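So the structure is just underneath, and the comments pick up after that.
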Protein chains: 2
Amino acid sequence: MKNPLISQLERRDTLSPEERSALEGAISKVKEFAPDEDLVRDGERVNQSNLILEGFACRYKVLGDGRRQITAFHLAGDFVDLHSFLLKKMDHGVAALTRCRVAFFPHEKLREISERYPHLTRLMWLLTLIDASAHREWITGMGRRSAEGRLAHLFCEMYLRLDVAGLTDGLTFPFPITQHELGDALGLSVVHTNRLLGRLRKLHLATFLSNKVKIENWEGLKELAEFDPTYLHLNSEPR
Amino acid sequence: MKNPLISQLERRDTLSPEERSALEGAISKVKEFAPDEDLVRDGERVNQSNLILEGFACRYKVLGDGRRQITAFHLAGDFVDLHSFLLKKMDHGVAALTRCRVAFFPHEKLREISERYPHLTRLMWLLTLIDASAHREWITGMGRRSAEGRLAHLFCEMYLRLDVAGLTDGLTFPFPITQHELGDALGLSVVHTNRLLGRLRKLHLATFLSNKVKIENWEGLKELAEFDPTYLHLNSEPR
DNA sequence: CGAGGTCTTGAAGACGATCAACAAACGTGG
DNA sequence: CCACGTTTGTTGATCGTCTTCAAGACCTCG
């Protein structure tokens, strides 16, 4: 089975055989995490970064009174905390949403790559930049989109990312989270999230049921979300 | 006068003399921008990155109906669009808030640095990671903080960043933006922003007047904001 | 000095939160 | 395979925050 990180990178640029093997060689071990288990905890000092090989995870922050905000969702091929390579200390937690198979990249190995493979380094840097780009889109949504638009936008984003990773089934895709978590991502209460899902269903745009999203009307959903995939930077070019 | 980028980096790690001169040598020219002028436009393909030497700028996105969201504020020493080095195409605009003196770094030169100076490359990468970290804090605020808390948090962040850059005057700092722009940053209407400023004043926490913020009660403001500066990653260590 | 931008305040209304109660689904042990 | 507790989802009612609309004051700069 192909390393999904390789595919993730090759979607954006070409990798040489040596670069591919350098990446493969940087994995120290592979571990499984149970649903709801933390891959990394907030505030922790870490010396490795985690790549998801299988499963879903999210990054989140918790405020004083326990209110939680999910800042990103991650799927196979995503380097959930590559930024810890240079930041050293986590400024948020990472939790498994489902059972996850995760590859560990010791920072020491990443450092070696950064010394020896400038192009590969740029590509890893790129991954963190795409992350940041998605963050900006998220911010824009939280600040200026309606709750409904935000939900639609999230569905559009997840559909596209999963599709590119070959994890969709027609217009249906897995999204294994609870409505509570969905609310935590959108900055909404569970109750309101539930009502919004009902509305999307009634508008025949999308249905969310038993951990799957089925898009009924892609164009309509995109329009409601004002979805423009540019921010995902899915094109390949020399970097 | 010292290049504020050098200070920005040396706050996080040590630079060798060669690294410093490599950075200095990567500047192609310095240009002035007028207030409200765009340094870069959304969607543009660029081949240089902009470093602010003097002045204030912001990054923003505009939605279909003209609603605007500001995703970040920038001051002297900030590399406002370093990410365009690898993303190539802008996914947002950058506008000057005041007159700005800006240094251009051609991507070609940045590429050379990335080929020759691994450590310096990691430090530039780090800058973009800190940006992303601030984005996550922003998202958390938009989703889970009260409007009042968000405003207080923004004041705390700006105070600390300006203080570190030596641009504060005691507990007073320049923040040359209109209430409209402040609202665009917080995801609020101008009207509500105005009322919130009134409340912070009445609570004797901070006053915003003629482009300056005066913090009256730092501890109180921090508490209201639940401000924890970890996410700014202001510590120095080997990277 | 006038015009446009910025700030301020009031009033009405929309959107989403909270509280509450119940239904459905799930998983665990008997 | 069922009984039971826990988690997840659903719906109604009420309340608060923030938006929108509107109008007037202030200010700044040609």
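Remember, predicted model here, so these are calculated numbers, not experimental data. In what follows, chains carry the letters A, B, and so on, assigned in the order in which the sequence lines appear, proteins first and then strands, with residues in each chain numbered from 1.
Comparing A/A147 and A/S210, the nucleotide of DNA chain C nearest to each residue sits closer to the 5' end for A/A147. The nearest heavy atom of DNA chain D to A/F208 and to A/R144 marks one nucleotide each, and the one closer to the 5' end goes with A/F208. When each of A/R195 and A/R201 is assigned the nucleotide of DNA chain D with its nearest heavy atom, A/R201 is the one assigned upstream, toward the 5' end.
In the model, B/S133 has a side-chain atom that pairs as donor or acceptor with a side-chain atom of A/D91 under 3.5 Å.
Within the 4.0 angstrom heavy-atom criterion, no nucleotide atom of any strand lies near A/R150. No engagement by B/G183 is indicated, since no non-hydrogen atom pair under 4.0 Å with the nucleic acid exists. No engagement by B/V190 is indicated, since no non-hydrogen atom pair under 4.0 Å with the nucleic acid exists. Nucleic acid contact class of B/S189 (heavy atoms, under 4.0 Å, all strands): base.
Distance, A/D36 CG to D/dT6 P: 17 Å, rounded to whole Å. As a whole-Å value, the separation of B/D65 CG from D/dT20 P is 9 Å. D/dT17 atom C1' lies 10 Å from atom CG of B/L196, rounded to whole Å. Taking atom CG on B/L209 and atom C1' on D/dC27, their separation rounds to 12 Å, with Å as the unit. Between the NE2 atom of B/H192 and the C1' atom of D/dT17 there is a distance of 6 Å, given to the nearest Å. Counting to the nearest Å, the C1' atom of D/dT7 and the CD1 atom of A/I177 are 16 Å from each other. With rounding to whole Å, B/L188 atom CG is found 10 Å from D/dT19 atom C1'. In this structure, the CG atom of B/L186 is 10 Å from the P atom of D/dT19, given to the nearest Å.
Taking the ring axis of A/F33 as reference, the NZ or CZ atom of A/K31 stays within 45° of it and closer than 6.0 Å to the ring centre.
Atom NE2 of residue B/H192 and atom CG of residue B/L197 lie 10.5 Å apart, to the nearest 0.5 angstrom.
OP1 and OP2 of C/dC7 both lie 4.0 Å or more from every side-chain N or O belonging to B/N194.
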- Message: Is there a ring pair (Phe, Tyr, Trp, His ring centres under 6.0 Å) between A/H83 and A/H92? Walk through the geometry before answering.
- Response: CA-CA 11 Å; A/H83 50 289; A/H92 66 266; 5.0 Å; yes
>> Set out, in order, the CA-CA distance, both residues' side-chain angles and the distance that settles ring pair (Phe, Tyr, Trp, His ring centres under 6.0 Å) for B/F79 and B/F105, then state yes or no.
In response: CA-CA 10 Å; B/F79 229 138; B/F105 287 73; 4.8 Å; yes
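Nearest nucleotide to the B/Q179 side chain, out of C/dG16, C/dC7, D/dT20: C/dC7. Comparing D/dC18, C/dT18, C/dC7 by their nearest atom to the side chain of B/R199 picks out D/dC18.
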